[in-house]
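Reviewing the structure listed below.
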Amino acid sequence: MTITSPHLGSPAVWTDARLLYALEEVVEQELNRHLKVAKDWMPHEYVPWTDGRNFPGLFEDGEAWDKEQSKVTEIGRIALVVNLLTEDNLPSYHHEIASLFGRDGAWGTWVHRWTAEEGRHGIVMRDYLLTSRAVDPDKLEQFRMSHMSEGFESDNRHSMLHSVAYVAFQELATRISHRNTGHQSGDPVCDRMLARIATDENLHMVFYRNLLKAAFELAPDLTMQAVRDVVVDFRMPGHGIPGFERAAAQMAIGEVYNLRIHHDDVLQPVLRHLRVLEIDGLGPEGQKAQEELGLFMGGLDAEALKFDEKLAARKARMAARAAG
């Protein structure tokens with residue numbers, strides 16, 4: 001597949017401002033497409049309100065939290081807290097993309113629409129977690145205060161193009177994380193709620209993926225370099241959550257999100273859809289970035305294979321203990 005730059009200019013003269021202007025029409029098209037297929041939904045319809053009861057505090061009849069009160073599995077509880085705290089930082093995410101993309105025209109309309117849709121996710125997850133008593137409410141609030149007090153700064157805030165590349169992968173990663181959390185939660189109500197959230201995240205991924213495709217058509221060399229940088233240095237937005245590394249390790253073992261899932265279900269689908277590793281007609285820097293991206297993906301697959309083997313061995317040991 002050969003992609004060439006149009007008359008708007010060569011990659012050497014592209015700036016964030018020029019790319020924002022050049023992509024405005026694509027943003028408007030994608031926004032209109034999104035609004036046609038996106039379905040509004042009510043967060044309160046996914047919460048089992050009749051399961052709710054008072055916690056200690058202002059109510060004398062409050063019942064203290066105990067993890068045995070919930071249907072949610074331990075790995076489900078861990079992943080739900082990570083996923084919710086990630087959603088809680090929405091004000092920081094909005095600030096980031098509004099600063100990069102602007103608040104005017106189609107870009108601005110998308111920024112606000114995206115923020116409004118993402119807001120539902122934090123609402124319904126917190127209502128579910130507290131009503132179903134899936135988590136300790138005091139610790140959840142302490143975590144939220146700690147995480148939000150630290151704020152959030154994207155690794156890609158220096159570049160609009162890097163940011164578009166990042167969210168194309170990150171929205172899919174979030175969708176996969178929510179969906180697998182639902183599968184591992186042990187509660188059909190939780191599974192349905194997270195499936196609804198995952199549907200939104202997938203639509204957001206499609207928006208950004210299509211925008212990334214247009215960026216490749218405009219500035220292939222710069223876009224290839226941005227994709228290379230993002231893939232090689234990828235981090236989930238919740239990496240600043242207290243205890244994130246331990247939680248991430250538990251989620252990896254619990255098959256909510258790990259190296260194999262990251263390679264097979266997040267990176268590969270986007271790269272394959274855009275045929276990133278097949279693009280030709282690139283300049284020297286674009287070719288270098290493409291080659292480095294291919295080498296990185298090969299190395300990541302090898303690392304994922306090692307993880308697969310360790311996980312299989314762990315499962316075998318646990319099965320042997322259970323049988324013995």
Side-chain angles (χ1 to χ4, degrees), residues 74-100 114-115 118-119 121-122 125-126 129 135 139-181 184 194 197-198 201 204-205 208 226-268 270 293 296-297 299-300 303-304 307:
E74 182 64 19
I75 186 59
R77 182 177 296 109
I78 292 167
L80 280 162
V81 170
V82 169
N83 291 351
L84 174 57
L85 292 176
T86 300
E87 298 287 355
D88 275 336
N89 247 338
L90 181 61
S92 290
Y93 307 149
H94 173 84
H95 173 75
E96 290 269 347
I97 66 171
S99 298
L100 281 165
W114 175 88
T115 303
E118 288 286 341
H121 303 168
M125 289 178 68
R126 175 166 279 100
L129 290 175
V135 299
K139 287 186 176 179
L140 183 64
E141 178 59 12
Q142 291 162 6
F143 281 149
R144 187 190 71 84
M145 286 296 295
S146 176
H147 185 41
M148 292 195 69
S149 295
E150 289 293 322
F152 172 82
E153 286 190 342
S154 169
D155 296 331
N156 302 289
R157 62 188 180 279
H158 64 286
S159 161
M160 184 277 290
L161 197 52
H162 280 70
S163 295
V164 170
Y166 175 73
V167 289
F169 294 103
Q170 181 266 320
E171 292 283 3
L172 182 53
T174 304
R175 173 206 167 207
I176 295 296
S177 181
H178 282 312
R179 203 66 196 94
N180 288 343
T181 298
Q184 301 288 352
L194 292 177
I197 292 174
E201 303 290 8
H204 297 164
M205 179 276 293
Y208 288 119
V227 169
R228 185 259 329 264
D229 294 345
V230 163
V231 169
V232 170
D233 296 324
F234 186 88
R235 294 196 296 176
M236 289 293 275
H239 60 79
I241 292 171
F244 177 79
E245 290 185 3
R246 176 175 171 77
Q250 292 170 308
M251 290 167 66
I253 294 171
E255 298 182 86
V256 172
Y257 201 95
N258 55 41
L259 277 179
R260 174 53 62 200
I261 293 169
H262 183 60
H263 178 277
D264 289 1
D265 299 337
V266 177
L267 299 182
Q268 283 284 33
V270 175
L293 179 61
F296 176 83
M297 289 300 293
L300 185 64
E303 288 297 313
F307 175 83

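Numbers for residues simply follow the sequence, beginning at 1. Remember, predicted model here, so these are calculated numbers, not experimental data.
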Under the side chain to side chain donor-acceptor pair (under 3.5 Å) test, residues paired with N89 that sit two or more places apart
H147
If only side-chain N and O atoms count, and only distance matters, is there a donor-acceptor pair under 3.5 Å linking H121 with E201?
yes
Nearest non-hydrogen partners of V270 and A168, listed with the distance
CG2-O, 3.9 Å
Can you confirm whether H95 is buried at NE2, in the sense that more than 12 heavy atoms of other residues, nucleotides or ligands lie under 6.0 Å from that atom?
no
Mind listing the closest non-hydrogen atom pair of V256 and A79 along with its distance?
CG1-CB, 4.2 Å
I176 to I261 - nearest heavy-atom pair and separation:
CG2-CG2, 3.5 Å
Could you go through the ring-ring contact (aromatic ring centres under 6.0 Å, His included) check for Y166 and Y208 one step at a time?
CA-CA 9 Å; Y166 175 73; Y208 288 119; 9.9 Å; no
CD (E87) and CD1 (I197) are apart, to the nearest 0.5 Å, by 6.5 Å
If we count only N and O atoms by modelled type, under 3.5 Å, do the side chains of H204 and Q170 hold a donor and an acceptor together?
no
Do L85 and F244 have side chains that get closer than 4.5 Å, going by heavy atoms?
no
In Å, rounded to the nearest 0.5 Å, how long is the span from CG of L129 to CG of L80?
5.0 Å
As an exercise, state the distance from NE2 of H162 to CG of L100, rounded to the nearest 0.5 Å.
12.0 Å
Any side-chain heavy atom of R228 within less than 4.5 Å of one from F296?
no
Salt bridge (charged side-chain N to carboxylate O under 4.0 Å, His left out) partners for E74, two or more places apart:
R77
Nearest heavy atoms of G122 and L84, plus distance in Å
O-CD1, 3.7 Å
Please report the C-alpha distance between N83 and H178 in whole Å, then the side-chain angles of each, then the deciding distance to 0.1 Å, and finally whether the side-chain contact (heavy atoms from CB on, under 4.5 Å) criterion is met.
CA-CA 7 Å; N83 291 351; H178 282 312; 3.4 Å; yes
Indicate yes or no: at least one non-hydrogen side-chain atom of M251 is less than 4.5 angstrom from one of N258.
no
In Å and rounded to the nearest 0.5 Å, what is the CG to CZ distance from L300 to F307?
12.0 Å
Show your reasoning for whether side-chain contact (heavy atoms from CB on, under 4.5 Å) applies to V231 and M297.
CA-CA 9 Å; V231 169; M297 289 300 293; 4.1 Å; yes
Residue pair S92 / E96, side-chain donor-acceptor N/O under 3.5 Å
no
All heavy atoms of A247 vs all of I78, minimum pair found to be CB-CG2, 3.9 Å
Does anything in residues 155-166 pair up under salt bridge (Lys or Arg N to Asp or Glu O under 4.0 Å), and if so which pairs, sequence neighbours excluded?
E153-R157, D155-R235
Stepwise side-chain contact (heavy atoms from CB on, under 4.5 Å) check, R126 with D88
CA-CA 10 Å; R126 175 166 279 100; D88 275 336; 2.8 Å; yes
P242 vs E150 side-chain heavy atoms within contact, under 4.5 Å
no
T86 side-chain N/O to V82 backbone N/O, donor-acceptor pair under 3.5 Å
yes
On a heavy-atom basis, the closest approach of G254 and I75 is CA-CG1, 4.0 Å
About how many Å separate CG of L194 and CZ of R175, when rounded to the nearest 0.5 Å?
13.0 Å
Side-chain donor/acceptor of N156 to backbone N/O of S163, under 3.5 Å:
no
Stepwise, does the side-chain contact (heavy atoms from CB on, under 4.5 Å) test hold for Y257 with V266?
CA-CA 10 Å; Y257 201 95; V266 177; 3.4 Å; yes
Distance, nearest 0.5 Å, that separates CG of L172 from CD of Q268
12.0 Å
Does the distance from a Lys or Arg side-chain N to an Asp or Glu carboxylate O, for D265 and R260, drop under 4.0 Å?
no
